[in-house]
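Nothing here was measured: the structure is a model prediction, and the numbers come from that model.
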Amino acid sequence: MSNVIVIGTQWGDEGKGKIVDWLSEKADLVVRFQGGHNAGHTLVIDGNVFKLSLLPSGIVRDNTVALIGNGVVIDPFHLIKEIKQLEEKNIKISSENLIISDAAFLILPIHQLVDEVREKNNGSKKIGTTGRGIGPSYEDKVGRRGLRICDFLNKEYFESKLKKLYDFHNIWLTAMNEPKQNYNEVIKEIWSIGQKIIPFTKPSWEIIYNYKNRLSNILFEGAQGTFLDIDHGTYPFVTSSNTVSSQAGIGSGVGPTSMDYTLGITKAYTTRVGSGPFPSEDSGENGIKLGENGHEFGTVTGRKRRCGWFDAILVKQAVALSSIDGIAFTKLDVLDGFKEIKICVGYTLDEKNIDYLPTSTLEQEKVKPVYEIMKGWEGSIAGVQSIDLLPNEAKDYIKKIETLINCKIIMISTSPERVDTIYLENPFEFV
Ligand code: GDP
Ligand code: IMO
Ligand code: MG
């Protein structure tokens, strides 16, 4: 048996989708356990591009069942749209290969509105959310007034909860001089879309328990990245869920002792979408070149991603926070053509050297990177599928990073395509 958690170690968009897709060849079940359609996971298979936001990446494989766990927040309209988009690409989706936890919380139209109004009113202090209602939905969950997928089973109950939720949000919207929202105008549409989802629903803990007892291989697919974690990230410039490995169990209904391996996905440089501290950001020509080489535009919002050098302090911290066993190192080809490659190996804070990202927002904004410079390589490594074909400078870069982050790199990705992946070690013991 091998149950593997895959998570991002930076600020998201590390290439989780590609690696989960690669690993799902051997997986029986692929589980999303947090986030929602703020995620954008790209898979490229023989030139066909799939962009998944809510559906687990395993959905494109015939051999794999996809499960959306209780920790995910689900916009029912988006879910049905994404299913349709995949069906148009000849992916078959039914209750046989897609299971949705009945305990997952809903993102409703009012959540998206609250997200937008809040961002608008925050002006230059905005978080730069994806505007998809993620934060407000999770707030209602912990506020114990949220609606869940299982509420679609009883119309009267659903309607009374929806009314209460709209009453709650209308108080704030009115205070912000926004028009009051009428739940009567949306209930019919929400209810009817909910009925389309009901056939897919089951308690996710039971499904996982059964798979586990059959000694199946389960992949837990994280969304976002470690420094967008609500507890461990660059708060308040974070998403509203936990993105570290421990969330895999909570967000799907299984205990930590059932997890065999945590794989961190790490980009060979650093990017971030939205506001917030980014010590190794390069706003000059190198940052522009990284963005151009790496096509760094958000999968969900199309926004330009901020780019900078690899930050070993951050990734070392991510390795500790999620007890990461090994790293899949992605987008190494994007460093083609750089004569010199910088690595952030430490920070200074008020002229003192530190080797961790401080917790305080004010301190995070103040830290300055300390760089080491490595020699770049000649030519292109795009599409390379064997370690022997990598130039020595690329191998040195990988070795240096392993030492700095105190973790092994077990896979290397050299292009968006599924097959352009190098295994250095295969520790998963997939049966
Ligand atoms: P995710 O959110 O972590 O799944 O990552 P995204 O899909 O949002 O962003 C990663 C982008 O990089 C996508 O466009 C991928 O197709 C692409 N990508 C993934 N791995 C590689 C790689 O090794 N090299 C290059 N050049 N692109 C890659
Ligand atoms: P994947 O899974 C990169 C960022 C947003 C914003 C912050 C809060 O593709 O790696 P939210 O809408 O979640 O309230 O926005 O989090 N963000 C992501 N950045 N990749 C993602 O997902 C992200 N999901 C959210 O840009 O800064
Ligand atoms: Mg993404």
> Between Asn122 (side chain only) and Lys125 (backbone N and O only), is there a donor and an acceptor less than 3.5 Å apart?
no
> If I compare all heavy atoms of Thr239 with all of Ile134, which pair ends up nearest, and what's the gap?
OG1-CG2, 4.0 Å
> Let's go through Ile401 and Phe329 carefully: what are the C-alpha distance in whole Å and the side-chain angles of both, what is the deciding distance for side chain to side chain contact (heavy atoms under 4.5 Å, CB included) to 0.1 Å, and is it a yes or a no?
CA-CA 10 Å; Ile401 281 169; Phe329 201 51; 3.6 Å; yes
> Show every donor-acceptor pair shorter than 3.5 Å between a side-chain atom in residues 39-55 and any protein atom, with sequence neighbours excluded, or say none if there are none.
unit_1: His41; atom_1: ND1; unit_2: Glu221; atom_2: OE2; d: 2.7
unit_1: Ser53; atom_1: OG; unit_2: Ala39; atom_2: O; d: 2.8

> What pairs with Trp22 under ring pair (Phe, Tyr, Trp, His ring centres under 6.0 Å), at least two apart in sequence or on another chain?
Tyr423
> For Tyr269, enumerate each residue passing the ring pair (Phe, Tyr, Trp, His ring centres under 6.0 Å) test, keeping only those at least two apart in sequence or located in another chain.
none
> Is any NZ, NE, NH1 or NH2 atom of the basic residue among Arg132 and Asp115 found under 4.0 Å from an Asp or Glu carboxylate oxygen of the other?
no
> When rounded to the nearest 0.5 angstrom, what distance separates CD in Gln385 from OG in Ser413?
10.5 Å
> Check side chain to side chain donor-acceptor pair (under 3.5 Å) between Gln224 and all other residues, then give those that pass, not counting sequence neighbours.
Gln34, Asn38
> Between Lys400 and Asp396 (salt bridge meaning N to carboxylate O under 4.0 Å), is one present in this structure?
no
> So for atom OH, which belongs to Tyr261, do other residues, nucleotides or ligands contribute more than 12 heavy atoms lying within a distance under 6.0 Å?
yes
> Can you tell me if Lys89 has over 12 outside heavy atoms packed within less than 6.0 Å of its NZ?
yes
> Without swapping roles, check the side chain of Arg32 against the backbone of Ala223 for a donor-acceptor pair under 3.5 Å.
no
> To the closest 0.5 Å, what do you measure between SG (Cys307) and CG (Asn286)?
11.0 Å
> Under the rule for ring pair (Phe, Tyr, Trp, His ring centres under 6.0 Å), what residues qualify as partners of Tyr166, not counting sequence neighbours?
none
> Heavy atoms only: give me the nearest Ile343-Met374 pair and the separation to one decimal.
CD1-SD, 3.7 Å
> Closest approach of Tyr211 and Val65, non-hydrogen atoms and distance?
OH-CG2, 3.3 Å
> For the atom pair OG1 (Thr9) and NZ (Lys16), what is the distance rounded to the nearest 0.5 Å?
9.0 Å
> Regarding Thr414 and Lys331, do their side chains bring together a donor and an acceptor under 3.5 Å, going by distance alone?
no
> Nearest 0.5 Å please: distance from the OG atom of Ser386 over to the CD1 atom of Ile412.
9.5 Å
> Dump the intermediate steps for salt bridge (charged side-chain N to carboxylate O under 4.0 Å, His left out) on Arg145 and Glu139, then the final yes or no.
CA-CA 9 Å; Arg145 59 183 165 265; Glu139 286 167 37; 5.6 Å; no
> To the nearest 0.5 Å, what is the distance between CD1 on Ile7 and CG on Leu321?
8.5 Å
> Is the count of non-hydrogen atoms from other residues, nucleotides or ligands lying under 6.0 Å from Lys395 atom NZ greater than 12?
yes
> Return the set of residues passing side chain to side chain donor-acceptor pair (under 3.5 Å) with Asp231 (not counting sequence neighbours), or none when no residue passes.
Asn242
> Distance-only, no hydrogens or angles: does the Asp151 side chain make a donor-acceptor pair with backbone N or O of Phe158 under 3.5 Å?
no
> Under the side-chain hydrogen bond (donor to acceptor under 3.5 Å, both in side chains) rule, what pairs show up with a residue in residues 305-318, not counting sequence neighbours?
Asp13-Arg305, Glu281-Arg306, Asp282-Trp309, Glu296-Arg305, Thr299-Arg305, Asp311-Tyr347
> So which heavy atom on Leu357 is nearest to which on Leu314, and how close?
CD2-CD2, 3.8 Å
> Under the side chain to side chain donor-acceptor pair (under 3.5 Å) rule, collect the residues that match up with Thr271, sequence neighbours excluded.
Lys267
> Could you pull out the closest heavy-atom pair between Ser240 and Gly135, with the gap in Å?
OG-CA, 3.2 Å
> Output a table of donor-acceptor pairs, distance under 3.5 Å, between side-chain atoms of residues 69-81 and any protein atom two or more places apart or on a different chain; print 'none' if there are none.
unit_1: Asn70; atom_1: OD1; unit_2: Ser252; atom_2: N; d: 3.3
unit_1: Asn70; atom_1: ND2; unit_2: Ile250; atom_2: O; d: 3.0
unit_1: Asp75; atom_1: OD1; unit_2: Phe77; atom_2: N; d: 2.9
unit_1: Asp75; atom_1: OD1; unit_2: His78; atom_2: N; d: 3.1
unit_1: His78; atom_1: NE2; unit_2: Glu82; atom_2: OE1; d: 2.6

> Could you pull out all residues at least two apart from Gln85 that satisfy side chain to side chain donor-acceptor pair (under 3.5 Å)?
none
> Using modelled atom types and a 3.5 Å cut-off, is there a donor and acceptor pairing between side-chain atoms of Lys141 and backbone atoms of Pro136?
no
> Write out all pairs satisfying side-chain hydrogen bond (donor to acceptor under 3.5 Å, both in side chains) with one or both partners inside residues 91-100, taking only residues at least two apart or from two chains.
none
> For a ring-ring contact (aromatic ring centres under 6.0 Å, His included) check, start with the C-alpha distance between Phe338 and Trp377, then their side-chain angles and the critical distance, and finish with the verdict.
CA-CA 7 Å; Phe338 283 93; Trp377 49 89; 9.0 Å; no
> Taking atom types as modelled, find out whether Asp420 and Ser415 have a side-chain donor-acceptor pair closer than 3.5 angstrom.
yes
> Distance from Phe200 atom CZ to Leu67 atom CG, nearest 0.5 Å?
12.5 Å
> With Lys342 as the cation and Phe310 as the aromatic partner, state whether NZ or CZ is under 6.0 Å from the six-membered ring centre and within 45° of the axis.
no
> Show the atom names and distances, to 0.1 Å, of all donor-acceptor pairs under 3.5 Å that link a side chain in residues 179-193 to residues at least two apart or in another chain.
unit_1: Gln181; atom_1: NE2; unit_2: Pro179; atom_2: O; d: 3.1
unit_1: Asn182; atom_1: OD1; unit_2: Asn184; atom_2: N; d: 2.9
unit_1: Ser192; atom_1: OG; unit_2: Glu189; atom_2: O; d: 3.4

